[in-house]
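To start, the structure itself, in structure tokens.
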Amino acid sequence: MAQITVKIKDNQKDAYNVRLAVFVAEQKFQNEFDDIDNICEYVTLYDGEKAIATGRYFPDPKGREDTYIFGRIAVLKPYRGEHIGMGVIGALETAAKLKGGKKALLLAEGHAVGFYEKCGFKKTEDRTVYSEGCPCYWMEKNI
């Protein structure tokens, strides 16, 4: 693995390619892209020139001050288990803080709750939300 680098600008195409590989090709989601893609910003991680992971962030649409929503966090399969996901979370936190963010919220797929807990997130409620049939849970963290 080459040196891992992070981009927070001019990276939408790379972010989309990672999301297509993970959420559409691998997990078979049908509705990967939405209106939020027009307002959010992305972080992408690279192994050399290759985009290997991504996540998006945007101000809370409910108007909660200093709060950012993180989402569409994805790591290409060959890079899982290498702490790349934690790198995405760290990059999202840094990017949100640069814009004045103090709290992050995300909707975690059930199988990923443990990962996000390791990153310092806590479930906000036990209510299950379903996204394309997958059980998900809202989580939050002060950043």
Side-chain angles (χ1 to χ4, degrees), residues 1-124 128-143:
M1 191 171 357
Q3 181 177 345
I4 302 300
T5 57
V6 178
K7 277 177 89 172
I8 60 172
K9 291 185 183 285
D10 303 321
N11 56 353
Q12 185 181 49
K13 180 181 176 199
D14 291 337
Y16 280 17
N17 287 336
V18 171
R19 287 169 56 187
L20 284 167
V22 172
F23 296 122
V24 177
E26 183 181 333
Q27 295 184 7
K28 308 298 184 210
F29 287 170
Q30 300 295 312
N31 301 308
E32 174 52 21
F33 300 99
D34 58 24
D35 291 339
I36 293 169
D37 287 312
N38 298 323
I39 63 164
C40 69
E41 294 184 53
Y42 302 90
V43 300
T44 45
L45 276 65
Y46 297 82
D47 180 3
E49 298 293 316
K50 180 180 181 176
I52 61 168
T54 191
R56 71 181 186 183
Y57 67 104
F58 54 95
D60 179 23
K62 292 183 179 177
R64 289 174 280 205
E65 191 173 331
D66 305 327
T67 301
Y68 278 78
I69 309 296
F70 294 174
R72 300 304 205 266
I73 297 161
V75 177
L76 294 180
K77 196 170 193 173
Y79 293 90
R80 294 184 198 147
E82 304 291 326
H83 304 289
I84 301 298
M86 288 183 172
V88 172
I89 294 296
L92 286 166
E93 290 175 4
T94 298
K97 284 183 202 177
L98 288 170
K99 294 183 175 285
K102 294 186 177 155
K103 182 180 267 190
L105 298 172
L106 58 79
L107 187 61
E109 291 180 37
H111 69 86
V113 167
F115 164 75
Y116 291 116
E117 288 174 336
K118 288 179 186 173
C119 294
F121 284 83
K122 295 186 183 338
K123 279 187 182 179
T124 60
T128 304
V129 176
Y130 289 89
S131 177
E132 292 206 39
C134 293
C136 299
Y137 303 91
W138 279 104
M139 302 184 79
E140 68 181 10
K141 177 182 180 180
N142 291 327
I143 55 175

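Taking the side chain to side chain donor-acceptor pair (under 3.5 Å) definition, one finds that T44 meets it with N11, Y46, sequence neighbours left out. In this structure T128 satisfies the side chain to side chain donor-acceptor pair (under 3.5 Å) test together with Y137, sequence neighbours excluded. Contacts of Q12 classified as side chain to side chain donor-acceptor pair (under 3.5 Å), with partners at least two apart in sequence or in another chain: Y16. The salt bridge (charged side-chain N to carboxylate O under 4.0 Å, His left out) check on D60 picks up R64, with sequence neighbours excluded. Residues that satisfy the side chain to side chain contact (heavy atoms under 4.5 Å, CB included) test with K122, not counting sequence neighbours, are absent from this structure. Remark: K103 engages E140 in a salt bridge (charged side-chain N to carboxylate O under 4.0 Å, His left out) (not counting sequence neighbours). With sequence neighbours excluded, the residues satisfying side chain to side chain contact (heavy atoms under 4.5 Å, CB included) with P78 are L76.
For K123, the NZ atom sits in a packed shell: over 12 heavy atoms of surrounding residues, nucleotides or ligands are nearer than 6.0 Å.
Screening residues 104-116 for salt bridge (Lys or Arg N to Asp or Glu O under 4.0 Å), with sequence neighbours left out, gives no hits. Listed by first then second residue, pairs satisfying salt bridge (Lys or Arg N to Asp or Glu O under 4.0 Å) with a partner in residues 83-92 number zero, not counting sequence neighbours. Pairs engaging residues 67-76 under the side chain to side chain donor-acceptor pair (under 3.5 Å) rule: E32-R72, D34-R72 [sequence neighbours left out].
Closest heavy-atom contact between M139 and V113: CE-O, 3.9 Å. Across all their heavy atoms, V18 and A51 have their closest contact at CG2-O, 3.7 Å.
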List, one per line, each side-chain donor-acceptor pair under 3.5 Å for residues 87-99, sequence neighbours excluded.
from : atom 1 : to   : atom 2 : distance (Å)
E93  : OE2    : K141 : NZ     : 2.7
T94  : OG1    : G90  : O      : 3.0
K99  : NZ     : E41  : OE2    : 3.0

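The side-chain heavy atoms of I69 and P61, taken from C-beta on, include a pair separated by under 4.5 Å. Using a 4.5 Å heavy-atom threshold, the side chains of L20 and F33 count as touching. Here the side chains of S131 and F29 are not in contact, with every heavy-atom distance at 4.5 Å or above. Between V22 and Q27 there is a side-chain heavy-atom pair separated by less than 4.5 Å. Counting heavy atoms from C-beta outward, D47 and I4 have side chains that approach closer than 4.5 Å.
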Stepwise, does the side-chain contact (heavy atoms from CB on, under 4.5 Å) test hold for E132 with K28? CA-CA 10 Å; E132 292 206 39; K28 308 298 184 210; over 6 Å; no
